[in-house]
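Written below as structure tokens is the structure these notes are about.
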Amino acid sequence: MRIDILTLFPDLCDRVLSESVIGRARQNGIIEVNCHNIRDYTTDKHRRVDDYPYGGGKGMILQADPIYRCYEAIREETGGKPHLIYLSPQGKTLTQQKARELAALPNLALLCGHYEGIDERVIEEIVDEELSIGDYVLTGGELPALVVADCVARMLPGVLADEVCFTEESHFAGLLEYPQYSRPAEWHGRAVPQVLLNGDHKKVDAWRAEQALRRTQEKRPDLLKKEHF
């Protein structure tokens, strides 16, 4: 899979995605991530990519043309149209199911807004969908883009040690994950549940399923109201 990030801060994005699990996946050729500086595609001699909004108002707006030129350069490199997502508080909220859908795509492009937003015309021209990571506003789209890239990339074959590393996690199957424990068997007077120490994998699986359901009922009962439940 190839992920392209269109941003004013490519070094920031590249540094984050060069660390840990995703960084190793990039080094091993499992996933390709390219961070593009929108300023490289402006025709302004001062590399300016923003201007005042028509109609007045505070703040600046990212201009359509540098974003479009950056997008066209990516299309030329890939030989096709990437699925382009604009990270915006107006978009639908990212879910694990959406991440699963995006992980099946060959090429994903993430557009990071900044300042007061971007020219609406470029959204209409090239954006396939808008995504949000929550009902709040950040100073730019870089953090949401990194969240989407990480969430999607970790589900690709070979990124994690085993598929079970994400299929049993919270939200993947509609439930929150069961409690996890490690050594020592007792800490601050709190003991690991005995069922996890007896080596009976069937009982362990049953306990985990029960705990996942119980935890979801206690913490996120809204998840149990969804259609597939």
Side-chain angles (χ1 to χ4, degrees), residues 1-14 16-18 21-23 25-26 28-41 49 61-114 117-135 137-138 140-160 163 166-167 169 171-172 174:
M1 182 183 198
R2 170 172 168 152
I3 297 178
D4 291 278
I5 301 178
L6 297 74
T7 172
L8 297 180
F9 302 97
D11 291 341
L12 182 155
C13 296
D14 191 60
V16 173
L17 296 175
S18 293
V21 174
I22 307 304
R26 292 177 69 182
N28 295 332
I30 298 172
I31 182 171
E32 179 183 354
V33 179
N34 302 288
C35 302
H36 307 267
N37 192 339
I38 295 171
R39 292 189 189 278
D40 292 341
Y41 298 90
V49 295
I61 304 297
L62 278 176
Q63 296 169 298
D65 204 52
I67 294 172
Y68 184 76
R69 288 172 178 269
C70 183
Y71 167 76
E72 283 292 287
I74 294 170
R75 285 192 63 177
E76 188 173 336
E77 285 183 16
T78 60
K81 184 188 184 308
H83 184 79
L84 181 61
I85 293 174
Y86 173 42
L87 285 309
S88 162
Q90 297 186 23
K92 292 182 179 179
T93 304
L94 175 67
T95 64
Q96 191 67 41
Q97 178 57 38
K98 169 54 71 172
R100 290 171 68 177
E101 295 171 8
L102 297 177
L105 300 173
N107 188 194
L108 183 63
L110 305 173
L111 172 58
C112 306
H114 214 69
I118 69 176
D119 192 307
E120 185 69 21
R121 292 168 295 183
V122 78
I123 298 175
E124 297 170 351
E125 183 84 9
I126 64 175
V127 169
D128 293 298
E129 63 177 316
E130 297 182 39
L131 277 184
S132 167
I133 60 169
D135 294 335
V137 179
L138 299 170
E142 283 72 26
L143 293 178
L146 292 172
V147 168
V148 173
D150 185 284
C151 187
V152 170
R154 67 192 305 276
M155 288 190 291
L156 299 175
V159 173
L160 299 181
E163 188 176 282
F166 61 81
T167 57
E169 288 182 330
H171 299 291
F172 188 87

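Computation of the quantities below employed the complete heavy-atom set of this structure, encompassing side-chain atoms and omitting hydrogens, waters and symmetry-equivalent molecules.
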Shortest non-hydrogen contact from Ile38 to Cys112?
CD1-O, 4.4 Å
Donor-acceptor pair, Asn37 side chain versus Pro10 backbone, under 3.5 Å?
no
Under a 4.0 Å N-O cut-off, is there an ion pair linking Lys81 with Asp128?
yes
Quick one: does Leu110's side chain get under 4.5 Å of Leu108's, heavy atoms only?
yes
Compare every heavy atom of His114 with every heavy atom of Gly140, then report the nearest pair and how far apart it is.
CA-ND1, 3.4 Å
Taking all non-hydrogen atoms of both residues, which atom of Pro82 and which atom of Asn107 are closest, and how far apart?
CB-OD1, 3.2 Å
Salt bridge (Lys or Arg N to Asp or Glu O under 4.0 Å) pairs touching residues 84-97, sequence neighbours excluded, are none
N-O pairing of Glu129 and Lys98 below 4.0 Å:
yes
Got Leu6 and Leu84 here, is their nearest side-chain heavy-atom distance under 4.5 Å?
yes
If we only count heavy atoms from C-beta on, is the Thr7 to His36 side-chain gap below 4.5 Å?
no
Tyr41: which residues meet the ring-ring contact (aromatic ring centres under 6.0 Å, His included) condition with it, sequence neighbours left out?
none
Show, in sequence, the C-alpha distance, side-chain angles and deciding distance for Asp65 and Gln63, and conclude whether the side chain to side chain contact (heavy atoms under 4.5 Å, CB included) test is met.
CA-CA 6 Å; Asp65 204 52; Gln63 296 169 298; 5.7 Å; no
Full working for side chain to side chain contact (heavy atoms under 4.5 Å, CB included) between Leu111 and Ile123:
CA-CA 10 Å; Leu111 172 58; Ile123 298 175; 5.8 Å; no
Validation row: Leu146, Leu12 side chains within 4.5 angstrom (heavy atoms):
yes
Nearest heavy-atom neighbours spanning Val159 and Ala25
CG2-CB, 3.9 Å
Given side chains that start at C-beta, do those of Leu8 and Leu62 come closer than 4.5 Å, heavy atoms only?
yes
Minimal non-hydrogen separation, Ile31 against Ala153, with atom names:
CD1-CB, 3.5 Å
Check: Leu160 main-chain N/O paired with Arg154 side-chain donor or acceptor under 3.5 Å
no
Point-to-point distance, once rounded to the nearest 0.5 Å, from OG of Ser132 to CD1 of Ile85
12.0 Å
Determine whether more than 12 heavy atoms belonging to other residues, nucleotides or ligands lie under 6.0 Å from atom CG of Asp135.
no
Are Ile5 and Asp14 side-chain neighbours, meaning at least one heavy-atom pair lies under 4.5 Å?
no
Are any side-chain N or O atoms of Arg26 and backbone N or O atoms of Leu17, one a donor and one an acceptor, separated by less than 3.5 Å?
yes
Short N-O contact, Arg75 and Asp4, less than 4.0 angstrom
no
Within-4.5 Å side-chain heavy-atom neighbours: Ile30 and Met1:
no
Less than 4.5 Å apart, any side-chain heavy atom of Cys35 and any of Phe9?
no
Residues at least two apart in sequence or cross-chain that pass side chain to side chain donor-acceptor pair (under 3.5 Å) with Glu130, listed by chain then number, are Ser88
Find the distance between CD1 (Ile3) and SG (Cys13) and round it off to the nearest 0.5 Å.
11.5 Å
